[in-house]
Amino acid sequence: MKDKRKGLELSQKTLFDVILPVMTGPSSSHTAGAIRLGLMARNIYSKPIKSVIFRLYNSFAQTGIGHGTQKGLLAGVLGRCVYDFNIKNIFELADGIDYKYEYLEDLSRHPNSVDMVLNNEMIICGDSIGAGEIKITEISGFSVSISGNYHTIFLMYKDKPGIISTVSNIIQSKNINIASLHCDRNEKGGTASMYISLDVPASGEITEQISAIDDVYFTTQIRKLEI
């Protein structure tokens with residue numbers, strides 16, 4: 001929408017932006033957003049999490065303690081939802097997982113930004129962009145833009161001709177519509193990534209078929225965030 005009197009582009013607001021999510025905690029961006037970022041990291045990694053390092057940036061680092069950001073991130077990684085009253089006691093409930101927090105400043109990052117290092121194996125970066133909405137921006141060094149609003153398949157593979165068409169054919173053979181498809185790579189012929197947003201969740205059979213493609217190194221199905 002454009003304000004012709006001032007020549008300004010105005011973003012459209014939804015009812016969700018005004019009312020804010022039903023949640024435990026004082027802040028939609030610092031608490032609910034933090035929980036949803038943790039949930040997304042859990043969904044992406046899709047393996048048991050024994051250790052996690054949270055690197056909080058900027059406003060997350062500076063005001064997070066007062067808003068429960070640290071508790072929210074850990075609660076999400078442990079699978080708690082945004083309206084779970086046990087989040088306030090999450091440190092007492094976090095048996096079996098090693099966790100720590102680092103506080104950093106980087107003005108090139110979003111004010112509410114975090115890196116989550118899972119089992120010293122995968123780094124997932126994300127931003128809490130307001131009203132509980134989030135965006136995953138990076139997975140294992142690959143640029144992404146995953147909001148949690150779609151069921152998504154993410155994979156890493158050797159960059160070579162034919163992978164994209166093979167993956168899309170597998171999905172479309174099950175009569176599933178692809179909402180969007182994005183690729184990234186570190187260099188020609190090196191490791192590449194792909195994430196595909198779907199209108200409905202893919203079956204385990206689809207994930208297995210994609211994982212069986214030659215030179216596909218990692219495949220995960222990321223569930224749509226319902227909370």
Side-chain angles (χ1 to χ4, degrees), residues 9-11 13-14 16-17 20-21 23 25-45 49 51-78 80 82 87 90 97-150 152 154 156 180 182-187 190-195 197 218 220 222 225 227:
E9 296 291 337
L10 304 177
S11 60
K13 296 293 184 181
T14 67
F16 185 74
D17 295 321
L20 304 180
M23 64 179 191
S27 170
S28 60
S29 60
H30 284 65
T31 316
I35 296 166
R36 298 180 93 229
L37 284 166
L39 279 169
M40 280 295 289
R42 175 187 177 92
N43 289 349
I44 292 166
Y45 189 62
I49 300 173
S51 69
V52 57
I53 301 170
F54 298 105
R55 296 174 181 153
L56 286 74
Y57 292 87
N58 305 328
S59 181
F60 257 14
Q62 296 160 8
T63 65
I65 292 178
H67 287 123
T69 301
Q70 290 86 342
K71 290 183 178 181
L73 289 167
L74 180 60
V77 165
L78 292 174
R80 301 281 178 167
V82 297
I87 290 170
I90 199 64
I97 181 171
D98 293 324
Y99 60 91
K100 71 175 183 177
Y101 302 90
E102 298 176 357
Y103 303 95
L104 305 166
E105 183 174 348
D106 183 347
L107 298 182
S108 70
R109 300 287 295 267
H110 188 279
N112 304 323
S113 185
V114 62
D115 299 340
M116 294 166 279
V117 186
L118 305 177
N119 291 349
N120 291 314
E121 184 178 55
M122 176 177 282
I123 301 178
I124 299 171
C125 309
D127 303 333
S128 176
I129 59 179
E133 294 292 295
I134 59 98
K135 180 171 68 174
I136 300 299
T137 58
E138 190 175 299
I139 301 174
S140 293
F142 290 104
S143 177
V144 299
S145 181
I146 301 175
S147 65
N149 294 329
Y150 287 92
T152 304
F154 175 82
M156 292 185 286
S180 63
H182 302 269
C183 299
D184 189 20
R185 65 182 184 183
N186 53 23
E187 62 178 344
T191 301
S193 72
M194 183 191 318
Y195 64 98
S197 299
F218 175 83
T220 187
I222 307 167
L225 287 177
I227 52 177

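Arg185 places no side-chain N or O within donor-acceptor distance of the main-chain N or O of Gly190, the cut-off being under 3.5 Å. Proximity of a side-chain donor or acceptor of Asp184 to a complementary backbone N or O of Ala192 within less than 3.5 Å is not detected. Looking only at distances, no side-chain donor or acceptor of Arg80 sits under 3.5 Å from a matching main-chain atom of Ala75. Not one N or O on the side chain of Asn112 forms a donor-acceptor pair closer than 3.5 Å with the backbone of Asp127.
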Output a table of donor-acceptor pairs, distance under 3.5 Å, between side-chain atoms of residues 100-109 and any protein atom two or more places apart or on a different chain; print 'none' if there are none.
from: Tyr101; atom 1: OH; to: Gln70; atom 2: O; distance (Å): 2.9
from: Glu102; atom 1: OE1; to: Arg55; atom 2: NE; distance (Å): 3.3
from: Tyr103; atom 1: OH; to: Gln70; atom 2: NE2; distance (Å): 3.2
from: Asp106; atom 1: OD1; to: Ser108; atom 2: N; distance (Å): 3.0
from: Asp106; atom 1: OD1; to: Ser108; atom 2: OG; distance (Å): 2.6
from: Asp106; atom 1: OD2; to: Ser108; atom 2: OG; distance (Å): 3.3
from: Arg109; atom 1: NE; to: Ser113; atom 2: OG; distance (Å): 3.1
from: Arg109; atom 1: NH1; to: Asp115; atom 2: OD1; distance (Å): 3.3
from: Arg109; atom 1: NH2; to: Ser113; atom 2: OG; distance (Å): 2.7
from: Arg109; atom 1: NH2; to: Asp115; atom 2: OD1; distance (Å): 2.7

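Using a 4.5 Å heavy-atom threshold, the side chains of Leu225 and Asn149 count as separate. Side-chain atoms of Asn120 and Ile53, non-hydrogen and from C-beta on, do get closer than 4.5 Å to each other. Counting heavy atoms from C-beta on, the side chains of Ser145 and His182 never come closer than 4.5 Å. At least one side-chain heavy atom of Phe154 sits less than 4.5 Å from a side-chain heavy atom of Phe218. Side-chain contact between Tyr99 and Ser51 is absent, with no heavy atoms from C-beta onward closer than 4.5 Å. You'll find the side chain of Ile90 reaches within 4.5 Å of the side chain of Leu78, heavy atoms only. A 4.5 Å side-chain heavy-atom check between Thr191 and Ser193 finds every atom pair outside the cut-off.
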Report the C-alpha separation of Val52 and Asp98 in whole Å, then their side-chain angles, then the decisive distance to 0.1 Å, and conclude whether the side-chain contact (heavy atoms from CB on, under 4.5 Å) test is met. CA-CA 6 Å; Val52 57; Asp98 293 324; over 6 Å; no
Check against side-chain contact (heavy atoms from CB on, under 4.5 Å), Met194 and Cys183: CA-CA 4 Å; Met194 183 191 318; Cys183 299; 3.9 Å; yes
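Judged by distance alone, the side chains of Tyr45 and Asn119 do bring a donor and an acceptor atom under 3.5 Å apart.
Distance CG/Leu73 to CG/Leu39: 10.5 Å, rounded to 0.5 Å. From Ser147, atom OG reaches atom CZ of Arg36 across 8.5 Å, with rounding to the nearest 0.5 Å. With rounding to the nearest 0.5 Å, the separation of CZ in Arg42 from CG in Leu37 is 15.0 Å. Note: Ile44 CD1 to Leu118 CG = 9.0 Å, rounded to the nearest 0.5 Å.
Considering all non-hydrogen atoms of both residues, Ser128 and Gly33 come closest at OG-CA, 3.5 Å. In terms of heavy-atom proximity, Thr220 sits nearest to Asn43 at OG1-O, 3.6 Å.
The side chain to side chain contact (heavy atoms under 4.5 Å, CB included) check on Ile146 picks up Met40, Ile136, Ile139, Val144, Thr152, Tyr195, Ile222, with sequence neighbours excluded.
Residue pairs meeting the salt bridge (Lys or Arg N to Asp or Glu O under 4.0 Å) criterion with at least one member in residues 66-78: none, sequence neighbours excluded.
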